[in-house]
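Scroll down for the structure; my scribbles are underneath it.
Proteins come first, then strands; the chains are lettered A, B, ... in the order of their sequence lines, and each starts at number 1. These numbers come from a predicted model, not from an experiment.
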Protein chains: 2
Amino acid sequence: MHAGRCKNLPMPTPPRPLPQRPPTLRDVAEIAQVSIKTVSNVVNDYPYVKQATRDRVLAAIAQVGYRPQAAAQQLRTGASGLITLALPSLTFTYYSDIAQAFIDEAQRRGRTVVLHTTSAGPEAERTVLQGFERVLGDGVIFNPLQLWEEELARMERTSQPTVFIGEHLPEQLPRGCDYVKIDNEGASFEATSLLLDQGRRRLAFLGAIPSAHGVQPHSSGTLRRDGFLRALAAHGLDPSAATIQEVGDWHRQDGADGAEALLERLPEVDGIVCGNDDLAIGVLSRLRRHGRRVPEDVAVIGYDDTPDAPFTSPPLTTVSPDKQALATTVLDLLIERIGGYDGPPRTVMTPYDLVVRESTALLPA
Amino acid sequence: MHAGRCKNLPMPTPPRPLPQRPPTLRDVAEIAQVSIKTVSNVVNDYPYVKQATRDRVLAAIAQVGYRPQAAAQQLRTGASGLITLALPSLTFTYYSDIAQAFIDEAQRRGRTVVLHTTSAGPEAERTVLQGFERVLGDGVIFNPLQLWEEELARMERTSQPTVFIGEHLPEQLPRGCDYVKIDNEGASFEATSLLLDQGRRRLAFLGAIPSAHGVQPHSSGTLRRDGFLRALAAHGLDPSAATIQEVGDWHRQDGADGAEALLERLPEVDGIVCGNDDLAIGVLSRLRRHGRRVPEDVAVIGYDDTPDAPFTSPPLTTVSPDKQALATTVLDLLIERIGGYDGPPRTVMTPYDLVVRESTALLPA
DNA sequence: TGGGATATCTGCAACGTTGTAGAAACGCTC
DNA sequence: GAGCGTTTCTACAACGTTGCAGATATCCCA
């Protein structure tokens, strides 16, 4: 609360408190008695530097603790080494798993991941598409959930190199991007067939999301449901009579709520194919509460093979996408685009496995 | 394999293929017929710009899709708006939860999170301490696991503004950092007391990690164990006779393995306090396999209140750290330091709750 | 001994932005 | 209509780095 200001006192070099700028090439150069450029050459392993000079420079670097400033490098070279990963939310185990896979794989390639989450909704996703408020990273890995297909289809080209992951993107993608997906429909078909082959006939799919405003959120739900229906048809059942249980979202709690509703609609259900593992975990908790035995009375299948799956009660049969392969493929494509490749959009399918655990054990009968 | 080089052909402006640089202030200025600085003034809401000029500039900005380049801003101003979050691994639900909390809170403050994971070991943690290879963000939030206390104590000051979270940091911290912690010991005391008050007497703590090379990894385990032991003593039991079950790490699988070992050592166990929820989930799965009923035969308590906890079988009693409070507190401190504050290290304790669920239900007796 | 290649080092300019200082135009008062 | 303050705009420099084009010095071979 010191109101008065000393207007005329000439402050001799106001001692800048903390923001003591980190050492620069200039500082190193001064100590090593060489030009700035030579220091730069040493840092960048330019071969034509005498060993003696190199040693002197390296010593100076160590002495002042020099580290290159990413901002200046980026300004000069146009590349930041940053990759933006835009996911719905880390509170879904599936996404935190793939986030880790991407971080590891990026670190392995000398790149750093900037994480952005879009659980806020379509507004947040649109921000991602438009390239954020500031030009920051070299490219984006983007898993949209709520994005209107038409919106994406309208774009002529993405604002920066982009690789989409997830589901339900339009056939016709803008220029400047690629798309890596997982065969949801096929995986769901395979999972459902497993139950049908066991003789179970009163199956339900849990995980459809009612579409609001024409938005199709979690459209992986749609694909997985389609695979479910196709499997029914392939086994001679009538898909139009199938039980499709809607849920509010894809968290554990939604699975629990959905299970309550389902048990009311179809008390004799003997197999539930869930949209993901989190839903399945909620389902298991409610089946237990209602005294249904798994797998004796009801079989349950999840999707994602989250780290939880082997430890649920009983351990959960689930579709396991190859997250490592996903990360590798995506980064290959993205870095190629960052490097200047500008061919037409490419679509790549990555593999999955059906991991069979006790929640779908064969009936002793 | 085109070996020959055309030395003398003067290439007239080689058409740079993709890396078409994004529009700059200069481009906008040209279109709007004003100086670069005026565009900058408009972008930064400098008040002394005529409305007509402002409109013209805004139109030009929209026309070319101008977005400021973070790198140039950082170079000029010295601040990037980036905050580095260094965590062990997102595959622990606890860490992915707090990562999300930090991302949200940072987004709310107009800052972006760079995520770095250090599961690779002490080497990776040392890199964080040294400020990484390049100067990138404005500050770090760092949850070390394996860092030698002495190593940190030896530092005079951190290489950039830092807030530590987690456990077992030295009393004497370097300059330039703060420390936000959770009262692990107290929480564990309270959790253990809950079981003792129910009359359970053959308790075990599961989650100690054998220390290798003098390193004290997961030292939260130590604190939580200490609280456990203190509770025993406070209830008139002999802490030196307590059962402490070691585990290899703190994943679900380690909980499962630890439970197997524990059941062999102390078959009559009637209460297990686990180092975290993931361990508890593994424990529950093995108790079930061995036919032990929870909570009738054995009560189980976890730590972290991960999203799994309400959905385990039975739902898990657990200590719930206030992640939102953690994120808020940490960012407050960090941003204050980034802003130039350079006072001595501060230590802040954030609150927790004991969430009682069925895994510790009272015995009907 | 000359000529060309090779090795080692340097200065300059530019990347896009913003702080500073100041020029120019305007409006007001006496 | 001179003087002064306010509004509006601009030029310049600098942040730290690297590509480019050279300047020397050194070496090898004819």
Side-chain angles (χ1 to χ4, degrees), chain A residues 11 14 16 19-58 60-61 64-81 133-136 138, chain B residues 5 7-8 10-11 13-14 16 19-30 32-58 60-61 64-81 133-136 138:
Chain A
M11 275 285 213
R16 247 202 284 174
Q20 179 192 8
R21 290 258 196 171
T24 71
L25 288 179
R26 171 197 292 283
D27 300 324
V28 177
E30 229 157 75
I31 295 186
Q33 293 290 346
V34 292
S35 77
I36 292 183
K37 190 65 227 273
T38 298
V39 182
S40 169
N41 285 338
V42 170
V43 172
N44 294 303
D45 283 323
Y46 180 71
Y48 295 138
V49 180
K50 235 194 304 178
Q51 191 56 43
T53 315
R54 184 184 303 277
D55 292 343
R56 204 145 34 87
V57 169
L58 288 175
I61 286 179
V64 300
Y66 168 80
R67 291 170 299 139
Q69 309 221 21
Q73 288 180 317
Q74 174 175 9
L75 183 59
R76 184 61 240 249
T77 65
S80 63
E133 271 118 50
R134 307 186 304 161
V135 178
L136 183 59
D138 303 331
Chain B
R5 270 186 305 164
K7 263 187 190 167
N8 299 323
M11 275 285 212
T13 326
R16 246 201 285 174
Q20 179 194 9
R21 291 258 197 173
T24 71
L25 288 179
R26 171 198 291 283
D27 300 324
V28 178
E30 230 157 74
Q33 292 291 346
V34 293
S35 78
I36 291 182
K37 189 66 228 270
T38 298
V39 182
S40 168
N41 285 338
V42 169
V43 171
N44 294 304
D45 282 324
Y46 181 72
Y48 295 138
V49 180
K50 233 196 305 180
Q51 191 57 44
T53 315
R54 185 184 300 278
D55 292 342
R56 204 145 34 88
V57 170
L58 287 175
I61 286 179
V64 300
Y66 168 80
R67 290 171 299 140
Q69 309 221 20
Q73 288 180 317
Q74 174 174 10
L75 183 59
R76 184 61 239 249
T77 65
S80 63
E133 272 118 49
R134 308 187 302 162
V135 178
L136 183 60
D138 303 331

Seminar exercise, completed: CG (B:D45) and CZ (B:R54) are apart, to the nearest 0.5 Å, by 6.0 Å
Exercise. When you measure from the side chain of A:A72, which nucleotide among D:dT17, D:dT8, C:dC9 comes out closest?
Worked result: D:dT17
For this session: Identify the heavy atoms of A:Y66 and A:V28 that sit nearest to each other, and give their distance.
Result: CB-CG2, 3.6 Å
Seminar exercise, completed: When rounded to the nearest 0.5 Å, the distance separating CD1 of B:I61 from CG of B:D27 is 11.5 Å
Problem set entry | Distance in angstrom units between B:R26 CZ and D:dC12 P, rounded | 13 Å
Exercise. Think B:T38 has a side-chain N or O under 4.0 angstrom from the OP1 or OP2 of D:dT10?
Worked result: yes
Problem set entry | Whole-Å gap separating P (C:dA14) and CG (B:L25) | 18 Å
Problem set entry | Nearest to side-chain heavy atoms of B:R21, which nucleotide of D:dT17, C:dC15, C:dT17 | C:dC15
Problem set entry | Rounded distance in Å - CG (B:D45) to C1' (C:dT18) | 15 Å
For this session: Give a yes/no on whether any side-chain N or O of A:Y48 is located under 4.0 angstrom from OP1 or OP2 of C:dT8.
Result: no
Exercise. In terms of side-chain heavy atoms of A:R76, which of D:dT10, C:dT18, C:dA14 is nearest?
Worked result: C:dA14
Exercise. Rounded to the nearest 0.5 Å, what separation is found between the CG atom of B:N44 and the NZ atom of B:K37?
Worked result: 7.5 Å
Exercise. B:Q73 side chain: which of C:dT17, D:dT17, D:dC9 is closest?
Worked result: C:dT17
Seminar exercise, completed: Walking DNA chain D from its 5' end, the first of B:I36 and A:Y46 to be reached, judged by nearest nucleotide, is B:I36
Seminar exercise, completed: note: B:D55, atom CG; D:dC9, atom P; distance rounded to Å ~ 11 Å
Problem set entry | Atom pair distance, as rounded to whole Å: CG in A:L75 and P in C:dT18 | 12 Å
For this session: Give one of base, sugar-phosphate or nothing for A:N44, where a contact means two heavy atoms less than 4.0 Å apart.
Result: sugar-phosphate
Problem set entry | Per A:K50 side chain, nearest of listed nucleotides C:dG19, C:dG11, C:dT8 | C:dT8
For this session: Starting from the C-alpha separation in whole Å, work towards a yes-or-no answer on side chain to side chain contact (heavy atoms under 4.5 Å, CB included) for A:T24 and A:Q69.
Result: CA-CA 8 Å; A:T24 71; A:Q69 309 221 21; 4.0 Å; yes
For this session: Write down the distance between CG (B:N41) and P (C:dT20), rounded to a whole number of angstrom.
Result: 13 Å
For this session: Determine the contact category for B:T24: base if any of its heavy atoms lies under 4.0 Å from a base atom, sugar-phosphate if only primed atoms, P, OP1 or OP2 are that close, otherwise nothing.
Result: sugar-phosphate
Exercise. Of all the choices, D:dC20, D:dT10, C:dC9, which nucleotide is nearest to the side chain of A:K37 once you look at every atom?
Worked result: D:dC20
Problem set entry | Candidate nucleotides D:dT18, C:dA7, C:dT18, ranked by approach to the side chain of A:T77 - the nearest | D:dT18
Problem set entry | Rounded interatomic separation in angstrom, taking CG from A:L136 and C1' from C:dG16 | 15 Å
Seminar exercise, completed: Rounded to whole Å, CD of B:Q33 lies from C1' of D:dT8 at a distance of 17 Å
